[in-house]
Amino acid sequence: MTDLTKTFAALSDATRLSMVERLMDQGELPAGTLVDGFDISAPAVSRHLKVLREAGLVEQRSEGTHRYYSVRPESMRRIANWTIDHSAFWQQSLDRLDDLLALDPEEDT
């Protein structure tokens, strides 16, 4: 499984996607704070965070007995680059389709 495949697989879960979005909006947060706002248990949050860590989306920092999580910017950059690369592909394909549809069907080709 490629890194990007792991990334998208991890983000395919709504809870994990919400966690990443929250970390992007609010910055580094303690694990206990991430539990708030989700209707799941603390162990379930830990399992989700493990998946996100293993996919390279978040990193964990320990300070005493506390665990802090933040989004890894390079993982977001990989997603953005992939999206931009594929956006260009689809735009070119749609442009070719527009050109084809603009051809006069009465004209000899």
inquiry  = Determine whether the aromatic ring centres of residues His86 and Trp82 are separated by less than 6.0 angstrom.
reply    = yes
ask   = With no hydrogens and no angle check, do the side chains of Ser75 and Arg78 hold a donor and an acceptor under 3.5 Å apart?
value = no
request  = Tell me whether Val35 is reachable from Tyr69 by hopping between hydrophobic residues (I, L, V, M, F, W, Y) whose side-chain heavy atoms are closer than 4.5 Å.
outcome  = yes
query = Taking the side chain from Ser93 and the backbone from Phe89, do they hold a donor-acceptor pair closer than 3.5 Å?
reply = yes
request  = Compare all side-chain heavy atoms of Arg96 with those of Leu100 and state whether any distance is below 4.5 angstrom.
outcome  = no
ask   = Would the number of heavy atoms belonging to other residues, nucleotides or ligands and lying under 6.0 Å from CE of Met24 be above 12?
value = no
inquiry  = I need the minimum non-hydrogen distance between Ala55 and Thr7, along with the two atoms involved.
reply    = O-OG1, 3.7 Å
message = Rounded to the nearest 0.5 Å, what separates atom NE2 in His48 from atom CD1 in Ile40?
response = 4.0 Å
inquiry  = Is the shortest side-chain heavy-atom distance between Gln60 and Arg53 below 4.5 Å?
reply    = yes
task = Mind checking the CG-CZ spacing from Leu34 to Arg67? Nearest 0.5 Å is all I need.
result = 14.0 Å
Atom of Val58, atom of Leu23 and distance for their closest heavy-atom approach = CG1-CD1, 3.8 Å
message = Quick check: closest heavy atoms across Leu49 and Met19, and the distance to 0.1 Å?
response = CD2-SD, 4.2 Å
Donor-acceptor contact below 3.5 Å, side chain Arg72 vs main chain Gly56 = yes
query = With a 4.5 Å limit on heavy-atom distance, are the side chains of Arg22 and Phe38 in contact?
reply = yes
query = Which pair of non-hydrogen atoms, one from Ala10 and one from Leu52, has the smallest distance, and what is that distance?
reply = CB-CD2, 4.2 Å
Within-4.5 Å side-chain heavy-atom neighbours: Pro30 and His66 = no
request  = Say whether, by atom type as modelled, one donor and one acceptor occur between the side chain of Ser87 and the main chain of Thr83 under 3.5 angstrom.
outcome  = no
inquiry  = Would Leu29 and Gln26 count as a side-chain contact (heavy atoms from CB on, under 4.5 Å) here? Give the steps.
reply    = CA-CA 7 Å; Leu29 292 172; Gln26 298 178 14; 3.5 Å; yes
request  = Please examine the side chains of Ile79 and Leu57, heavy atoms only from C-beta on, and report whether any two atoms are closer than 4.5 Å.
outcome  = yes
key: Distance (rounded to the nearest 0.5 Å) between Phe8 CZ and Leu4 CG   = 4.5 Å
query = With Glu28, which residues qualify under salt bridge (Lys or Arg N to Asp or Glu O under 4.0 Å), at least two apart?
reply = Arg61
